[in-house]
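Numbering of ligands and ligand atoms starts at 1, following listing order.
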Amino acid sequence: MTNVKAAPSPAATFDWDRAWTEVGGPPDGDGRINMVDRVVDRHVRDGRGDQVAIRWFGRADADLADPVDVSYLALSHRTSRFAGALGHAGHRPGDGVATLLGRVPEVYVSALGTIRAGGVYTPLFSAFGPDPIAQRLRLGRIRVLVTTGVLFRRKVRDLLANLPELRLVVIVDVHDDDIDALRTSEHPGRVEIRSFGRFLGEGHDEVAAAPTTVESPALLHFTSGTTGEPKGAVHVHGALAAHHATGRAVLDLHVGDTYWCTADPGWVTGTSYGMLAPLAHGVTMIVDEAELDARRWYRMLAEQRVGVFYTAPTAIRLLERMGADLAPAEFPELRLVASVGEPLDAAAVEWANEVFGVPVLDTWWQTETGAIMIANRLGRNVKPGSMGRPVPGIVATTLRRTPDGELERDADGAPIEADVDESGEIALRVGWPSMFRGYLDRDDRYRSCFVEAAAGQAGWYRSGDLARRDADGDFWFVGRGDDVIKTAGHLIGPFEVEAVLDAHPAVVESGVIGKPDEVAGNIIKAFVVLHRGYEPDDELRTQLVAHCRRHLGAAVSPREIEFADELPHTRSGKIMRRVIRARELGLDAGDTSTLQTAATTPTGTDPGGPAAGPSSERGDTP
Ligand code: WT7
């Protein structure tokens, strides 16, 4: 790092141990802490039990006239009941509980009830099809699943035989008398099914939080890489210090605020900022079951007097497309809008500034970082299009990369920080509280995310994202360093889509890329090579889309399919998605020195090529 102005490092003046003072005090001498004690019970102890924690609007409530309020006291009781019921069901500390639910109050009760009991909570995206659901339940060794009757019948029931760890399914919207109708003749005896109501009835209102410590696992969030199975990022109870600190430093949350985070509870934002950070601050959270609708959203923001609104670039662009004239003249309490998940371009910032009349702050983070790491902040000059700077307590930089994605090193082997305005990989100094503590069962992959720094310094976590830093130290997003696709803010592994396409009898192989889209950021586009004898026509295209939707769910399926005679491969046989993408977009493909040419073969027999690997071993570039 050479020319970056010597702004006082916020990290130098920030003490993570002291971050606990405002969230109930430091953990006791043994490091004991349970997130749920701090985000729910603490407010009851402090006399805020009657305050509304969750104000829920059902999908059918078109006039926003009939919300269901859950107070902090009620949340304490219901999460106690859930935790107690888990205990009755033989649940042990560390056991996994997953939800497969939309935005309903039971998500919060299940998640926080699990964490209260010392269990590990995993959210699953309710729009996933059976394949991604099965994979995550299996990899996470999930023992208890909370879902709806419809999702159970459509997506889970046929999987039960192949989920040996699953013991209990709790159904939120089916009466206990009707539960037996969900069983088929093939229902494995090991899996009990219960209604949510009956399940809660097995606990009681005051179950103390389990004596977990700052390092006890609390959350398991699946995230997709370039290759292979999704990875389960493990987060610990101590992560709450970062949720709380960033909830204040970036989102400016205070007791009694009304706050609305539109993230789906199936992704990490839905937990970190749709649940833990806001509850840690004692706010009233708006939860709307319905999908984006401009009129409804503007009405919600105005009538519910929302103060802080955390949403996604795709949502902002959709609102923009529907027209600013739908917006009311004022949002009486709104003081900030923030966004996360994909690049927020300068035009979107300016549009939102204008319509909402408040600062619009881009924030950057990842499943692995657990909390916001880089952000624009209130009271600072926001450069539209920039992500801002590292938040207090975080040291971030950009590291120089070679064209093939390796880090450049100095003579001592230490990575080199990129110059001002030079693109590099975003890296974070290890040691912040919400840093993931592992990828479940993938230690090597976890270790490969870290590099040692210069002697005497803590190492860096490599994010895999590319950015440049300007002379003021503000970060500007450049792109992902890998082939993973962001569509409508959701992270989709191309390999998972390719694997499903490749399983179709017509398909030899496929390559899946993100194709830029004005609203969704990217859409999923597949290039497919067919077996001889199959016609590349619209009928087959429709069949392939239906096949993907059946297995993956619509949100994860290709929106476009193009038939190709062949796909570009490396000499070792890996599909070069980067090249497919560059060709699709008419861009320079960059370094193609490893591209297989006519003289080489996809099986890697080229003597000059890298060690031969079958095409299923696609590289996992971080
Ligand atoms: C990836 C992480 C939604 C936050 C957690 C999602 C992209 C995130 C930004 C931003 C440009 C962004 C990155 C990152 N991303 N925030 N402000 N500008 N890109 O976590 O699903 O693990 O996704 O989202 O590529 O690596 P995730």
Side-chain angles (χ1 to χ4, degrees), residues 123-125 128 132 219-226 230-233 235 239 242-243 246 250-251 261-277 310-317 337-346 348-349 352 360-377 382-391 396 398 423 425-428 434-436 439 449 461-468 474-493 496 514 516 520-522 555-556 621-622:
L124 296 176
F125 185 37
F128 275 150
L219 303 163
L220 177 68
H221 285 295
F222 282 96
T223 183
S224 296
T226 310
K231 297 164 289 193
H235 287 282
H243 299 142
T246 51
V250 182
L251 298 177
C261 170
T262 61
D264 189 283
W267 300 87
V268 68
T269 311
T271 308
S272 292
Y273 295 98
M275 191 179 310
L276 296 169
Y310 198 21
T311 190
T314 295
I316 292 177
R317 289 190 295 261
V337 172
S339 125
V340 68
E342 348 147 42
L344 185 69
D345 53 284
V349 173
V360 177
L361 309 177
D362 190 9
T363 70
W364 177 92
W365 57 290
Q366 305 179 304
T367 302
E368 286 83 348
T369 72
I372 298 170
M373 298 283 110
I374 296 174
N376 286 298
R377 315 228 337 246
V382 175
K383 298 173 195 159
S386 153
M387 308 195 290
R389 295 184 218 167
V391 302
T398 48
S423 166
E425 180 172 341
I426 302 177
L428 306 162
S434 63
M435 186 177 91
F436 68 137
Y439 285 131
C449 295
Y461 159 71
R462 295 180 61 180
S463 71
D465 275 3
L466 305 177
R468 58 187 180 79
D474 283 308
F475 285 67
W476 298 74
F477 188 75
V478 170
R480 288 192 58 95
D482 62 16
D483 294 334
V484 172
I485 302 164
K486 269 277 169 157
T487 175
H490 300 146
L491 193 80
I492 306 296
E496 291 166 72
N522 293 282
V556 189
T621 34

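At least one N or O atom of Thr363 sits closer than 3.5 Å to an N or O atom of ligand 1. On a distance-only criterion, Glu342 and ligand 1 share at least one N/O pair closer than 3.5 Å. Checked by distance only, ligand 1 and Glu368 stay at 3.5 Å or farther apart across all their nitrogen or oxygen atoms.
Residue contacts with ligand 1, taken as heavy atom pairs separated by less than 4.0 Å, involve Gln366 via backbone and side-chain atoms alike. Using a 4.0 Å cut-off between heavy atoms, Leu344 makes no contact with ligand 1 at all. Contacts between Met387 and ligand 1 below 4.0 angstrom, taking non-hydrogen atoms only, involve the side chain exclusively. Using a 4.0 Å cut-off between heavy atoms, Trp365 contacts ligand 1 through both its backbone and its side chain. Of the heavy atoms in Phe477, only side-chain atoms (C-beta onward) come closer than 4.0 Å to ligand 1.
Taking a 4.0 Å cut-off on heavy atoms, Ser463 fails to register as neighbouring ligand 1.
Given atom 23 (O) of ligand 1, the protein heavy atom at minimum distance is Lys486 NZ, 2.9 Å. Atom 9 (C) of ligand 1 has its closest protein heavy atom at Trp364 CD1, 3.6 Å.
Using a 4.0 Å cut-off to heavy atoms of Thr367, the atoms of ligand 1 that qualify are 20 (O), 21 (O), 22 (O), 27 (P). Listed by number with element, the atoms of ligand 1 under 4.0 Å from a non-hydrogen atom of Thr269 are 3 (C), 4 (C), 5 (C). Shown in contact with Val340 at under 4.0 Å from a heavy atom are these atoms of ligand 1, numbered in order with element: 3 (C), 4 (C), 16 (N). Numbered from 1 in the order shown, with element, the atoms of ligand 1 that lie under 4.0 Å from a heavy atom of Pro343 read 11 (C), 18 (N), 19 (N). In summary, the atoms of ligand 1 found under 4.0 Å from a heavy atom of Asp362, numbered by their order in the structure, are 10 (C), 17 (N).
Here the side chains of Ile316 and Ser339 are in contact, with some heavy-atom distance below 4.5 Å. Considering only heavy atoms from C-beta on, Glu425 stays 4.5 Å or farther from Thr398 through its side chain. Using a 4.5 Å heavy-atom cutoff, the side chains of Thr487 and Val556 are not in contact. At a threshold of 4.5 Å between non-hydrogen side-chain atoms, the residues Arg468 and Ile426 do not count as touching.
Under 3.5 Å, the side chains of Tyr310 and Thr363 contain a donor-acceptor pair of N or O atoms. Under the 3.5 Å distance criterion, with hydrogens and angles disregarded, a donor-acceptor pair is assigned to the side chains of Thr246 and Tyr273. Between Ser224 and Glu496, the side chains place a donor N or O and an acceptor N or O closer than 3.5 Å (distance only, hydrogens not considered).
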Exercise. Kindly determine whether Phe475 and Trp364 satisfy ring pair (Phe, Tyr, Trp, His ring centres under 6.0 Å), including the steps that lead there.
Key: CA-CA 10 Å; Phe475 285 67; Trp364 177 92; 8.1 Å; no
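Taking all heavy atoms of Pro313, Gly341, Gly385 into account, the minimum distance to atom 15 (N) of ligand 1 is reached by Gly341. Nearest residue to atom 26 (O) of ligand 1 from Asp465, Val268, Ile485 is Asp465 (criterion: closest heavy atom).
Between Lys486 and Glu342, none of the side-chain N atoms (NZ, or NE/NH1/NH2) sits under 4.0 Å from a carboxylate O, so this pair counts as no salt bridge.
Arg480 pairs with exactly one of Asp465, Ile485, Leu466, Thr226 by the side-chain contact (heavy atoms from CB on, under 4.5 Å) rule, that one being Asp465.
Taking the six-membered ring where tryptophan is involved, the planes of Phe436 and His235 are tilted, since the angle between them lies from 30° to 60°.
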